[in-house]
Participant: 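Take this structure, written in structure tokens, and hold onto it; I'll ask about it next.
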Amino acid sequence: MEWTGARYADRPTVEVGTVIAAPPDEVWPVVSDPLAMPEWSDELQSVVWLDGAESAAVGRRFEGHNANEPMGEWTTVSTIVECEAGRRFAWAVGDPSEPAAVWRFTLTPDAGGTRLTQWVQVGPGWSGLSIAIEAMPDKEQKIVFVRLRQHEASMTRTLAGIRDRVESRR
């Protein structure tokens, strides 16, 4: 696991990657469709576009419905902050100027295929982690570390799901 910082306010990150045997233009429609992501997530249950949006573009918003055993159920609103076809797709959870998290997919051509990475930065905006840290401030570093490990496992499953879907269509 690759991450920097141990405190939430430090905006720690984690990134995972895989190679997909398809060019970026075949991978892009899957990674730029937030409605597809619940298929591979244990936590994200469903996604709907907001404000009449039907596809990805910077500034468009979507709502995610989430569930996690220790944290219960919650809803988030995310705003697309990067959308460069075939290259990069990112969204901020909550207030884009102080997000609870920023998620990003990056696509890079790789020997006829695509190197796909998924990256997340947690903090500094309010989130479920904030509640846990406020309740146990002396355990902040452990709380952040455990959450990043959960994200790493989920992201690894997501990338495998995307790879399987794209490669099965070839």
Side-chain angles (χ1 to χ4, degrees), residues 1-20 24 27-28 30-38 40-45 47 49-50 56-68 70-71 74-108 114-137 139-163:
M1 178 167 77
E2 186 179 319
W3 64 288
T4 59
R7 296 180 56 244
Y8 188 72
D10 295 334
R11 302 176 187 206
T13 65
V14 64
E15 181 176 79
V16 298
T18 192
V19 175
I20 300 176
V27 179
W28 177 254
V30 180
V31 301
S32 64
D33 180 8
L35 280 62
M37 296 304 132
W40 306 296
S41 176
D42 294 333
E43 193 166 292
L44 182 61
Q45 305 298 301
V47 175
W49 286 110
L50 297 175
V58 171
R60 292 194 176 153
R61 300 180 324 134
F62 57 90
E63 183 176 84
H65 301 277
N66 304 275
N68 172 305
M71 295 169 49
W74 70 99
T75 299
T76 60
V77 173
S78 295
T79 304
I80 298 172
V81 294
E82 295 180 64
C83 189
E84 187 178 344
R87 300 196 60 191
R88 198 176 266 242
F89 181 68
W91 64 96
V93 180
D95 180 352
S97 65
E98 190 165 317
V102 176
W103 294 84
R104 179 183 304 131
F105 286 108
T106 303
L107 298 80
T108 308
T114 302
R115 171 97 181 135
L116 178 64
T117 59
Q118 187 176 17
W119 171 92
V120 65
Q121 169 194 290
V122 297
W126 187 91
S127 75
L129 274 182
S130 305
I131 296 168
I133 292 166
E134 286 174 6
M136 299 175 283
K139 297 190 182 330
E140 179 177 6
Q141 292 179 345
K142 183 174 183 174
I143 291 166
V144 170
F145 178 78
V146 167
R147 188 62 170 149
L148 289 175
R149 293 291 300 208
Q150 290 170 342
H151 284 328
E152 178 185 38
S154 179
M155 291 159 57
T156 299
R157 285 189 302 275
T158 297
L159 292 185
I162 292 168
R163 182 187 62 231

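Quick note: numbers below take in every heavy atom, side chains included, and nothing from hydrogens, waters or symmetry partners. Computed from a predicted model, the values in this text were never measured in an experiment.
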Participant: Can you list the steps and then say if Phe62 with Ile80 is a side chain to side chain contact (heavy atoms under 4.5 Å, CB included)?
Facilitator: CA-CA 8 Å; Phe62 57 90; Ile80 298 172; 4.0 Å; yes
Participant: Flag the pair Met136 / Ile143 as yes when at least one side-chain heavy-atom distance between them is below 4.5 Å, and no otherwise.
Facilitator: yes
Participant: Would you say the side-chain atoms of Thr156 pair up with the backbone N or O of Glu152, donor to acceptor, closer than 3.5 Å?
Facilitator: yes
Participant: From Thr76 OG1 over to Asn66 CG, what is the distance, rounded to the nearest 0.5 angstrom?
Facilitator: 5.0 Å
Participant: When rounded to the nearest 0.5 angstrom, what is the spacing between CZ in Arg61 and CG in Leu50?
Facilitator: 5.0 Å
Participant: Is Ser41 reaching over with its side chain to a backbone N or O of Met37, donor-acceptor style, under 3.5 angstrom?
Facilitator: no
Participant: Is there side-chain contact between Arg60 and Thr79, with heavy atoms separated by less than 4.5 Å?
Facilitator: no
Participant: Do you know the tightest heavy-atom contact between Ser130 and Gly125?
Facilitator: OG-O, 4.0 Å
Participant: So which heavy atom on Ser78 is nearest to which on Val93, and how close?
Facilitator: OG-CG2, 3.6 Å
Participant: Counting N and O atoms only, with roles assigned by atom type, does the side chain of Gln45 sit under 3.5 Å from a partner on the main chain of Glu43, one being a donor and the other an acceptor?
Facilitator: yes
Participant: Give a yes/no verdict on a cation-pi contact between Arg157 and Trp40, requiring under 6.0 Å between NZ or CZ and the six-membered ring centre and an angle within 45° of the axis.
Facilitator: no
Participant: Mind listing the closest non-hydrogen atom pair of Trp28 and Cys83 along with its distance?
Facilitator: CZ2-SG, 3.9 Å
Participant: Within a strict 4.5 Å, meaning less than it, do heavy atoms of the Met155 and Leu159 side chains meet?
Facilitator: no
Participant: Looking only at atom types and distance, does a side-chain atom of Thr114 sit under 3.5 Å from a main-chain N or O of Leu116, one as donor and one as acceptor?
Facilitator: no
Participant: Could you report the tightest heavy-atom contact between Phe89 and Ala56, atom names first, then the distance?
Facilitator: CE1-CB, 3.5 Å
Participant: Considering all heavy atoms of both residues, which atom of Val47 and which atom of Pro38 are nearest to each other, and what is their separation?
Facilitator: CG2-CG, 3.9 Å
Participant: Taking side chain as C-beta onward, heavy atoms only, is Asn68 less than 4.5 Å from Trp74?
Facilitator: yes
Participant: Quick check for you: to the nearest 0.5 Å, what is the distance between Ile20 atom CD1 and Leu107 atom CG?
Facilitator: 7.5 Å
Participant: Salt bridge or not between Lys139 and Glu134? Use side-chain N to carboxylate O under 4.0 Å.
Facilitator: no
Participant: How many angstroms lie between atom CD1 of Ile133 and atom CZ of Arg147, to the nearest 0.5 angstrom?
Facilitator: 11.5 Å
Participant: In Å, rounded to the nearest 0.5 Å, how long is the span from NE2 of His151 to CH2 of Trp119?
Facilitator: 11.5 Å
Participant: At what distance, to the nearest 0.5 angstrom, does CD of Glu63 lie from CH2 of Trp49?
Facilitator: 13.0 Å
Participant: Identify the heavy atoms of Ala92 and Pro96 that sit nearest to each other, and give their distance.
Facilitator: CB-CA, 3.8 Å
Participant: Determine whether a donor-acceptor pair (N or O, by modelled atom type, separation under 3.5 Å) exists between the side chain of Asp33 and the backbone of Leu35.
Facilitator: yes
Participant: Contact between Val122 and Pro12 at the side-chain level, heavy atoms closer than 4.5 Å - yes or no?
Facilitator: yes
Participant: Got Arg88 and Arg104 here, is their nearest side-chain heavy-atom distance under 4.5 Å?
Facilitator: yes
Participant: Check step by step if ring pair (Phe, Tyr, Trp, His ring centres under 6.0 Å) holds for Trp103 and Phe105.
Facilitator: CA-CA 7 Å; Trp103 294 84; Phe105 286 108; 8.5 Å; no
